[in-house]
Every structure is written in C-alpha cells, then in structure tokens.
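The structure appears right after this line, and notes come after that.
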2 protein chains.
Amino acid sequence: MTRTRQAVLALLQRTRQPISATEIFEQLHQEKVAIDLVTVYRTVHVLKELGLVLQLDLHQEGLARYELKEGREHHHHIRCQICGQIEDLLLCPLKKVTKLIEQRTQFIVDDHTLEFTGLCPQCQ
Amino acid sequence: MTRTRQAVLALLQRTRQPISATEIFEQLHQEKVAIDLVTVYRTVHVLKELGLVLQLDLHQEGLARYELKEGREHHHHIRCQICGQIEDLLLCPLKKVTKLIEQRTQFIVDDHTLEFTGLCPQCQ
DNA sequence: ATGTTATTTGCAATAAACTTGCAATAAGGA
DNA sequence: TCCTTATTGCAAGTTTATTGCAAATAACAT
Ligand SMILES: [Mn+2]
Ligand SMILES: [Mn+2]
Ligand SMILES: [Zn+2]
Ligand SMILES: [Zn+2]
C-alpha cells in the first residue's frame, strides 16, 4: 500500500457515488495529488483483486465506475437519466426467476446484471 | 433502401444470433458484398431509427450487437460464458419490482436492463 | 546505513469500438 | 437526361482502457 494507492482508496471512501477512473484522476489532481491516469487504472485493478472495490459497468455509460465493497452484498443500481446520480438498490428479486430460466433454457445460470434508469426526486 | 442496406437487413434476417457491426462487415465480405465498416455502423443506425432493428449492449462485451425487432416485445437475454451463444428470454419479471423500487427510492423508473450469464447446454 | 532485489510509477505507444468530415458516387424525381 | 439529394468510402479523430519499458520507489537483507 503505497501512498498513491492510499490516496485512491481514501477518495473512494469519501465519495458516496461510484466514480470512474477519469473522475478519480481529475479529483486527485484538484487535491494536488500527482498521479497518472494509467496508475489510476492499475490501482483500481489491484483494489478489485484485493476485494476492496467493486467495478460497475452501467448500461449506456461506456465506462467503468468503482465503489467500495465495504461488505456490501450482491446488489443492483438505479441511475438518474438527467443528473447521473446512482443509488444502490439493496435487494435482488431474481432468485426465483433464475430457477425458472434454468428450467426453460437448460442453461446453468451463473450470474446476472440488473439496472434501472429513471428520474431521481430532484430531477422530476 | 439501397442494395447495401438490403444486404445488411437480409443478413440480420438469416442470422439467428444478435450480431456485431464487425461481424456484419466480415460476414458480408465473405459473401463478396463490398461494404465499408463505417457504412455498417451507419446502416444499423438507420435500421434502428426505422424501428426494424434492436441494439443490444450486453454486459462485459464492450461492443454493440443488433437483432431484428420483428415485433418482439420487451425481452431479455442469457449468454453462455464459454461459447458466447445468446438466447432470448421472452419474459420480464420486473413489473412488480419496479413499483417497489419507485416507492423505496422516490425515483420515477423509466427503463431497466437485465441479463443473465451462464453455461449453455452444449458447454456444460 | 548500504547495497540488492522486487514492486510501482510515468510516459509513450497501442488497441478496440465507434464517430465525424468531406469529397466521390449513386439514387430518384422532374 | 439532368439535377438535386441521399448514400458511401476513405481518412482522421474520439474515447476508454491496456501494454512495454525504463526510471523511481519501496522492501528487504546484510
Ligand atoms: Mn453499489
Ligand atoms: Mn433478443
Ligand atoms: Zn441480483
Ligand atoms: Zn424487462
């Protein structure tokens, strides 16, 4: 854990929203932390492997976002189409559906992704 | 409807799987249809606007796939992690969940994406 | 503390998917 | 046919992310 990596981790801790590599880069530069964008990519990769960070690939965004794992269970997200705010949905309604799909398709289901989009209270 | 566009549409009709722009390009070239990759991108864009084609952005693929709409209702997909086969799931289990999420989050839910991954019968 | 080794970082270059500008070509209507 | 508009190909550009490599830093042993 170098101080560069700690700076990234600390930023993830104080950021309530899932954040992209470029946003990490720009935010740290604003805080006068010198870090290369490549190092940001490599750092989030390491933090993912350590199980400290989750990568989110939200639909239609075309970039990856990262959030602290912090013992979070499997969960999903909803994103506001106007302001981009992302909120955790601490539920998963797909256990029964998974069984049904396995019966219908003869696949063995391993995983799923689920994401909602809409308008947050402020943007309505 | 030029013959270039008809060639793309005809390929989508005879292809059972959602297919990417590069795959359309390569397949048509194998069939001796001269077409530029840029034209493929522009053509699927037009076909989408005409409501003939659906664009799929499957998780972890990093590219767009296209399938004929053909009066298909809103539906979801399951993809085999080994061979890449994609199958339609002609169901949507999220109507009730959507209401619950609107209550919990105060968002107005507009849309969602749902996708399963696993092993197809042949790859198990 | 010093030297030795392994890890981390920055810079430059590269990759992949997709988009845009623009001139050449093809289509369609008078 | 002629003229206008839409379509296409080529080149170049964008965006997000990855890779090679040498320099800097950290970790470790003496
Ligand atoms: Mn989350
Ligand atoms: Mn489908
Ligand atoms: Zn789930
Ligand atoms: Zn649905």
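Only heavy atoms go into these numbers, but all of them, side chains included; no hydrogens, no water, no symmetry mates. Naming: A, B, ... by sequence-line order, numbering from 1 per chain.
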Ignoring backbone atoms, test whether [X] places a side-chain nitrogen or oxygen under 4.0 Å from the OP1 or OP2 oxygen of [N].
| X | N | value |
| --- | --- | --- |
| B/Tyr41 | C/dC18 | yes |
| A/Thr2 | C/dT9 | yes |
| B/Arg3 | C/dA26 | no |
| B/Arg42 | D/dT8 | no |

End axis versus end axis in the helix from C/dA1-D/dT30 to C/dA30-D/dT1, the angle rounded to 10°, five pairs used at each terminus: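 Comparing the first five pairs with the last five, the axes sit 20° apart.
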
Please tell me which of the listed nucleotides, [options], lies nearest to the side chain of [X]?
| X | options | answer |
| --- | --- | --- |
| B/Thr4 | D/dT8, D/dA17, C/dT9 | D/dT8 |
| B/Ala64 | C/dC11, C/dT9, C/dC18 | C/dC18 |
| A/Thr39 | C/dT9, D/dC10, D/dT8 | C/dT9 |

So does [Y] get a backbone contact from the side chain of [X], meaning a donor-acceptor N/O pair under 3.5 Å?
| X | Y | value |
| --- | --- | --- |
| A/Gln6 | A/Arg3 | no |
| A/Thr39 | A/Ile35 | no |
| B/Gln124 | A/Gln106 | yes |
| A/Glu115 | A/Ile78 | no |

Output the rounded distance in Å from [atom1] ([X]) to [atom2] ([N]).
| X | N | atom1 | atom2 | result |
| --- | --- | --- | --- | --- |
| B/Gln55 | C/dT19 | CD | C1' | 13 Å |
| A/Ile24 | D/dA17 | CD1 | C1' | 13 Å |
| A/Glu23 | D/dA17 | CD | P | 11 Å |
| A/Asp36 | D/dT16 | CG | P | 16 Å |
| A/Arg5 | D/dT25 | CZ | P | 15 Å |
| B/Leu37 | D/dA12 | CG | P | 17 Å |
| B/Leu28 | D/dG9 | CG | P | 11 Å |
| A/Met1 | C/dT9 | CE | C1' | 15 Å |

B/His45/B/Tyr41 aromatic ring centres below 6.0 Å: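 No; B/Tyr41 has its ring centre 6.0 Å or more from that of B/His45.
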
A/His76 ring center near A/His112 ring center (under 6.0 Å):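 Yes - the distance between ring centres of A/His76 and A/His112 falls below the 6.0 Å cut-off.
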
With B/Phe116, the side-chain contact (heavy atoms from CB on, under 4.5 Å) member among A/Thr105, A/Asp110, A/Val97: A/Val97

